[in-house]
Amino acid sequence: MGLSKNIRHLLHALKCKVLYENKVTPFLYELGCKIHLFKPYIIVYVDGGICSQMHQYLLGRYYAERGFHVSYSIGWYARNGKDNDGIHSRIFEFPELWPSLPMEIAPDNRAFFYARVFPVTREGMHFPLPITPPKYLHGYYFFDDEKAYGEIFRRYFTLQGTAPSDKLPIVEDWTGTKCAVHVRRGDLAKMNDAFYGKVTVDYFRKAMEYVRERYENVKFFFFSDEIEWVEENLQEFYRDWPHEPVRGNRAFEDLNLMAHCDCFIASQGSAGKTAALMNGKGLLIVSDDPHDTVWKERYAQTVVIAG
């Protein structure tokens, strides 16, 4: 069994070297595109949770708006589908939240071919990149122009465009101010680097106090991949106020519920911020980490609180 597996790996490596690691294959394919034998694509690699899926969707739409054929590679979900510590599953949920948005999925063989023959040379995390098809775009890029990102986001992701949900009464039955508190734990709870940063219990305390001072009749709705941590560490700050830890939903359902709230307390994850941008009107509170403060440029109603 081991010998057979080793032989298969050797043959696969040999096939890749013969078919892809040369200058002839790209030349022939690009020639085929010019004579309309093939349709040239920009293929965007997709991974991660629902917010990452939305972000990578916009990378592709940027090129689609310029007249290029765009499709998306989602093979990561079949091969891996786990967060950074390999514990929490990430599911491809984009069409379940945004059923009316066009999203062509690249066949696995085409994505495999593009990834090896037409990869985009990565130069940092900057976007947009001056590329034309055929190309394979792999990576978590960020718009250099934060205002432009907010504009393209609002063209595609609105509350009116989300799928109908019978779970909205969870938040909509409250007639006062609804505050969504996103507490990202899981893999990001253990990471403290220049990209993600890390929020503290004191940050959530100050954020909730800010909301209570600004609004009357507030109810806090807590969304987290570790709701037990929320109850153990934050309860003393919200126990005397209307509150509800939201349980049992899939990630896209939580995001949709958050987006239907009136104000948002974000953590180092993307969900609280993405929900605010989907809503377009409510107050968004973020930490003072540089990765978070850029949201002031994306979203005008952003308040920064030391995290």
Side-chain angles (χ1 to χ4, degrees), residues 39-81 83 89-108 110-111 114-115 118-120 122 125-165 182 250-256 258-259 266 269-280 294-295 298-299:
K39 182 189 291 186
Y41 280 90
I42 291 176
I43 296 180
V44 180
Y45 176 85
V46 181
D47 66 4
I50 182 62
C51 296
S52 294
Q53 294 163 35
M54 291 167 60
H55 176 79
Q56 289 153 342
Y57 179 79
L58 294 182
L59 303 187
R61 294 314 299 171
Y62 173 87
Y63 295 108
E65 288 182 355
R66 283 148 185 80
F68 299 130
H69 299 296
V70 174
S71 63
Y72 296 85
S73 171
I74 61 171
W76 180 82
Y77 296 92
R79 295 190 306 272
N80 181 12
D83 62 12
S89 294
R90 299 291 177 248
I91 302 170
F92 183 63
E93 301 176 312
F94 185 91
E96 297 187 71
L97 183 58
W98 308 102
S100 63
L101 290 180
M103 189 179 199
E104 180 179 338
I105 304 302
D108 289 343
R110 183 191 299 157
Y114 267 62
F118 302 112
V120 173
R122 184 164 178 164
M125 312 277 291
H126 303 287
F127 192 87
L129 304 173
I131 60 175
T132 57
K135 286 292 186 295
Y136 187 86
L137 185 61
H138 181 291
Y140 206 94
Y141 291 89
F142 292 91
F143 280 71
D144 286 334
D145 187 337
E146 295 292 340
K147 183 179 179 182
Y149 180 81
E151 290 172 352
I152 192 172
F153 186 104
R154 286 185 287 271
R155 282 203 291 278
Y156 292 97
F157 301 134
T158 64
L159 289 184
Q160 295 72 30
T162 57
S165 172
H182 179 239
R250 291 173 59 184
F252 81 93
E253 293 170 325
D254 272 353
L255 179 61
N256 196 16
M258 280 189 271
S270 302
K273 303 155 192 167
T274 301
L277 207 50
M278 285 170 59
N279 181 289
V294 298
W295 280 81
R298 290 184 185 180
Y299 188 74

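Keep in mind the model is a prediction, meaning the values are calculated, not measured. Counting begins at 1 with the first residue of the sequence.
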Given 3.5 Å as the limit, does a donor-acceptor pair link the side chain of [X] with the main chain of [Y], or not?
{"X": "Gln56", "Y": "Tyr140", "answer": "no"}
{"X": "Tyr57", "Y": "Ser52", "answer": "no"}
{"X": "Tyr77", "Y": "Asp47", "answer": "yes"}
{"X": "His55", "Y": "Tyr141", "answer": "yes"}

Say you draw a straight line from [atom1] of [X] to [atom2] of [Y]; how long is it, rounded to the nearest 0.5 Å?
{"X": "Phe252", "Y": "Glu96", "atom1": "CZ", "atom2": "CD", "result": "4.5 Å"}
{"X": "Ile42", "Y": "Thr132", "atom1": "CD1", "atom2": "OG1", "result": "7.0 Å"}
{"X": "Ser73", "Y": "Tyr136", "atom1": "OG", "atom2": "OH", "result": "3.5 Å"}
{"X": "Ile50", "Y": "Met54", "atom1": "CD1", "atom2": "CE", "result": "6.5 Å"}
{"X": "Asp254", "Y": "His182", "atom1": "CG", "atom2": "NE2", "result": "8.0 Å"}
{"X": "Leu255", "Y": "Thr162", "atom1": "CG", "atom2": "OG1", "result": "9.5 Å"}

Closest heavy-atom pair and its distance - [X], [Y]:
{"X": "Gln53", "Y": "Gly48", "answer": "NE2-O, 3.1 Å"}
{"X": "Lys147", "Y": "Asp145", "answer": "N-OD1, 3.0 Å"}
{"X": "Asn279", "Y": "Ala259", "answer": "ND2-O, 2.9 Å"}
{"X": "Arg154", "Y": "Arg298", "answer": "NH1-O, 3.7 Å"}
{"X": "Cys51", "Y": "Ala271", "answer": "SG-CA, 3.6 Å"}
{"X": "His69", "Y": "Pro40", "answer": "CB-O, 3.4 Å"}

Checking side-chain contact (heavy atoms from CB on, under 4.5 Å) against Leu137, which of Ile43, Leu129, Val70 comes through?
->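 Of the listed options, the one satisfying the test is Leu129.
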
Are the aromatic rings of [X] and [Y] close, with centres under 6.0 Å apart?
{"X": "Phe143", "Y": "Phe127", "value": "yes"}
{"X": "Tyr156", "Y": "Tyr62", "value": "no"}
{"X": "Phe157", "Y": "Trp98", "value": "yes"}

Please work out whether the ring planes of Phe92 and Phe94 are parallel, tilted or perpendicular, with thresholds of 30° and 60°.
->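 Correct class here is parallel.
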
Is it true that the NZ or CZ of Arg110 lies under 6.0 Å from the centre of Tyr41's six-membered ring and within 45 degrees of the ring axis?
->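 Cation-pi check for Arg110 and Tyr41: passes.
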
Within a strict 4.5 Å, meaning less than it, do heavy atoms of the [X] and [Y] side chains meet?
{"X": "Phe68", "Y": "Ile131", "answer": "no"}
{"X": "Val120", "Y": "Tyr45", "answer": "no"}
{"X": "Lys273", "Y": "Tyr299", "answer": "no"}

CA sep, side-chain torsions, deciding dist, call: Arg61, Arg155, side chain to side chain contact (heavy atoms under 4.5 Å, CB included) | CA-CA 10 Å; Arg61 294 314 299 171; Arg155 282 203 291 278; over 6 Å; no

Check step by step if side chain to side chain contact (heavy atoms under 4.5 Å, CB included) holds for Phe153 and Met278.
-> CA-CA 8 Å; Phe153 186 104; Met278 285 170 59; 3.9 Å; yes

Residues, nucleotides or ligands: over 12 heavy atoms within 6.0 Å of Asp108 CG |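 No, the 6.0 Å shell around CG holds no more than 12 heavy atoms from other groups.
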
